[in-house]
Amino acid sequence: MGDDFYFRVYEVIAQIPYGKVTTYGAIARYLGISRSARLVGMACAAAAGKLDLPFHRVVNRNGELTGKHNFPTSDFMEQMLTAEGVKLINGCVDLKNFLWEPEIY
DNA sequence: CGGGTGACTTTAC
DNA sequence: CGTAAAGCCACCC
């Protein structure tokens with residue numbers, strides 16, 4: 001399991017605060033691979049259902065729940081976020097109030 | 001080594 | 001609103 005890159009992604013996801021979300025682009029930028037937001041999504045898909053991480057707190061740049069199909073039900077992701085207090089507008093996260101980004105040093 | 005693929009993003013039409 | 005294309009890079013044949 002030489003998922004050196006995936007491991008980084010998982011660490012960031014594990015740091016997403018309760019009631020907040022982050023974007024693939026933000027994670028990619030934090031890891032220094034700002035042009036590979038796709039790989040962040042791949043890492044999530046690869047670990048979805050395997051690792052116990054808040055994948056539901058990862059959305060795309062538009063606040064859309066692009067990964068909902070990877071959950072047991074299509075509304076699982078939305079319900080998890082709602083349960084945490086994250087407001088959704090037409091199926092999209094209100095990033096203006098619930099976006100969290102990892103700090104870049 | 002090379003080609004296909006993808007929970008992305010942006011630009012363009 | 002929609003689709004197309006390109007850029008990007010790790011993973012899996």
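In what follows, chains are A, B, ... by sequence order, proteins preceding strands, each numbered from 1.
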Practice problem: Can you tell me the distance, in whole Å, between the OH atom of A:Tyr6 and the P atom of C:dA10? | Solution: 10 Å
Distance-only criterion, 3.5 Å: show the donor-acceptor pairs between side-chain atoms of residues 43-56 of chain A and protein atoms not counting sequence neighbours.
| from | atom 1 | to | atom 2 | distance (Å) |
| --- | --- | --- | --- | --- |
| A:Lys50 | NZ | A:Ala46 | O | 3.4 |
| A:His56 | NE2 | A:Glu84 | OE2 | 2.8 |

Quiz prompt | Distance (rounded to the nearest 0.5 Å) between A:Met77 CE and A:Thr82 OG1 | solution = 11.5 Å
Self-check item: A:Asp4 CG - C:dC9 P separation (whole Å)
Solution: 16 Å
Self-check item: Protein-nucleotide distance (A:Asn70, atom CG; B:dG6, atom C1'), rounded to Å
Solution: 12 Å
Quiz item: Rounded to the Å, how far apart are A:Asn60 CG and C:dC8 P?
Solution: 21 Å
Quiz prompt | Identified side-chain contact (heavy atoms from CB on, under 4.5 Å) partner of A:Val40 from the options A:Thr23, A:Val9, A:Thr22 | solution = A:Val9
Quiz item: For the side chain of A:Val58, counting heavy atoms from C-beta on, which of C:dA10, B:dA7, C:dC8 is nearest?
Solution: B:dA7
Self-check item: Whole angstrom value for the distance that separates P of B:dA7 from CD of A:Glu78
Solution: 19 Å
Quiz prompt | Nearest-angstrom distance from the residue atom CZ of A:Arg61 to C1' of C:dG7 | solution = 17 Å
Quiz item: So which nucleotide from B:dG6, B:dT9, B:dA7 ends up closest to the side chain of A:Phe71?
Solution: B:dA7
Quiz item: For the pair made of CZ in A:Phe5 and C1' in C:dC11, what is the distance, rounded to whole Å?
Solution: 11 Å
Quiz item: So among A:Val58, A:Asn60, A:Val59, A:Asp75, which one has a side-chain contact (heavy atoms from CB on, under 4.5 Å) with A:Leu65?
Solution: A:Val59
Quiz item: Can you check the A:Phe55 CZ to B:dA7 P distance for me, whole Å?
Solution: 14 Å
